[in-house]
Protein chains: 2
Amino acid sequence: MTTMTSPPATASAAPAASSAASSGSSAASLPAAGTQPPEAVEARVRILDNAARLILDKGFAATSMRDIASAVGIKAGSLYHHFASKEEIFTAILERGIDVMVTAFESVENDDRAGAFDGATSAEALLRAHVRAHLGSLFEFGPYTAAHVTTFHNAPDSVHEIIVPRRDSYEAMWAALFDRLQAQGSLRVDHLSIARLVLFGGMNSTIEWFDPAGPLSLDDLADTIVSQFWHAGGHA
Amino acid sequence: MTTMTSPPATASAAPAASSAASSGSSAASLPAAGTQPPEAVEARVRILDNAARLILDKGFAATSMRDIASAVGIKAGSLYHHFASKEEIFTAILERGIDVMVTAFESVENDDRAGAFDGATSAEALLRAHVRAHLGSLFEFGPYTAAHVTTFHNAPDSVHEIIVPRRDSYEAMWAALFDRLQAQGSLRVDHLSIARLVLFGGMNSTIEWFDPAGPLSLDDLADTIVSQFWHAGGHA
DNA sequence: AACCCTACCTAACAAATGTTAGGTAGGAAG
DNA sequence: CTTCCTACCTAACATTTGTTAGGTAGGGTT
């Protein structure tokens, strides 16, 4: 199928989120026991969901722990039962944003290798699938990816250090895709990385003006962007 | 000094900056009297220059009045002799950012009307000139325009209300340009406004990855972006 | 029963925030 | 010399900030 469509924001790539940091134990216990305890992870997710939304439209620095807590329905001090610091919350959100994008990219690549795209005939279709996947990440995973795109630039250095490597590796995937397309001759541009970065900037800007509930669907948007990129519209 | 290279920061659109707010009198006195008093306006500019740079890389909320003051070399309280509030400083910066872009756009339009662009033969050249002008605003006016692009999204509502109209009018200029190109047949795209917004997003993203001191000049970058937009690179 | 653990709360902390009131040095104007 | 204005300073203010320490209710286990 296409990339992730309507998955509930809560489910998704949750478990592997926290990476380093965090105090100690937490999850990783009794796997599959009928009904999982709703708390434990759910509380973390509730916090991140609300924090991501707040950070998306006010920015990191302008969002206080008390803002986040009251959005969740608890008191500020209680947040520290789930996260060690404000920065850890922020980092977790940005990490999750990237993870969503990486997962979306990889699922297209898997489709590709599984033969869903006929190499020679539809390099354009492959690019469209990737563009659609990236747009899907942006719009279907609520605040996580969008917050990543809009707030990364101003993130404190300590957050940057953790996020930049993941960001780079996502970018490397796109770079490899473009290399492949150019090498096989289906794409021919003068400056490959500039073409890629401009396309990227164009895609990321959509969160500031595109409304997926409007007349155009995300599929339409992906189509439009890719055919513009692929065929262009100049006639003089 | 360091920032903005060619055009002297002080000159430009300075006088009409403050709009509403501000206490009372200020400049507007003796016009052209040999050597202008270096203070009066210069202090405002020094403050805005430094504030813009700080806001560009830390964001509005994360930049304190004390940060700005110490960058300028004065104490926080003294800032209130020049600006009524932190938000007024922010608003002035964003306004100036837009003004620079509008001015750049208009100067291209004047060249166009003066016959520098041969309507029928070089619609592409006209677009290139506009793209070059926008990129110039982004890179040659230091933090003002760049800060506008990266921090507008998270600005407080009170700031939004003042800036949005100006922003819209700049966007309307581009929309009119695209309409014209499409109407005269030199541009043929399915969704005109999407093409425009994606191009815009692509251009604005350059401040995050393009280095004008690198191998490619701003002219080169404008060329690359426009030919990608105009001729594209798909071949399969 | 006793125990423990999770998830929360209250209350407070020091630090940093935007902002204001009042003072002062110095030059210009009378 | 006095007066006034500009540009700054000092010192404080009330609030908000991230964060911590210690307490408590409740369910699960033994």
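A note on names: the letters A, B, ... follow the listed sequences, proteins ahead of strands, and every chain is numbered from 1.
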B:H82 side-chain N/O to D:dT6 phosphate OP1/OP2 under 4.0 Å: no

Listed nucleotide nearest any side-chain atom of B:R66, set C:dC8, D:dC8, C:dT17: C:dT17

Atom pair distance, as rounded to whole Å: CG in A:D67 and C1' in D:dG18: 13 Å

Length of the line joining B:E88:CD and C:dT19:P, which is rounded to integer Å: 10 Å

Touch class at under 4.0 angstrom, heavy-atom based, for B:S64 against every strand present: sugar-phosphate

Separation of atom CD1 in A:I47 from atom P in C:dC8, rounded to whole Å: 7 Å

Under-4.0 Å side-chain N/O to phosphate OP1/OP2 contact, A:S78 with C:dC9: yes

Spacing between A:I74 atom CD1 and C:dT6 atom P, to the nearest angstrom: 16 Å

Check: A:F105 ring centre within less than 6.0 Å of A:H130 ring centre: yes

Sidechain-backbone polar pair: B:H160 side chain, B:F152 backbone, donor-acceptor under 3.5 Å: yes

Given DNA chain C, 5'-ward residue of the pair B:A62 and A:G77, judged by closest heavy atom: A:G77

Whole angstrom value for the distance that separates P of C:dT20 from NE2 of B:H81: 15 Å

Between P of C:dT19 and CD1 of B:I68, the distance in whole Å: 10 Å

Taking every non-hydrogen atom, the tightest pair across A:R44 and A:H82: NH1-O, 3.3 Å

Donor + acceptor pair across side chains of B:S107, B:N110 (<3.5 Å): no

Cationic N near anionic O, under 4.0 Å, B:R167 to B:E171: no

Phosphate-side-chain proximity, B:K86 and C:dG18, N/O vs OP1/OP2 below 4.0 Å: yes

Protein-nucleotide distance (A:R44, atom CZ; C:dA7, atom C1'), rounded to Å: 15 Å

Separation of atom CE in B:M65 from atom P in D:dC8, rounded to whole Å: 14 Å

Given D:dG18, D:dC8, C:dT10, the nucleotide with the shortest approach to the side chain of A:Y80: D:dG18

Pairwise 5' ranking along DNA chain D for B:G73 and A:S85, keeping only the more 5' one: B:G73

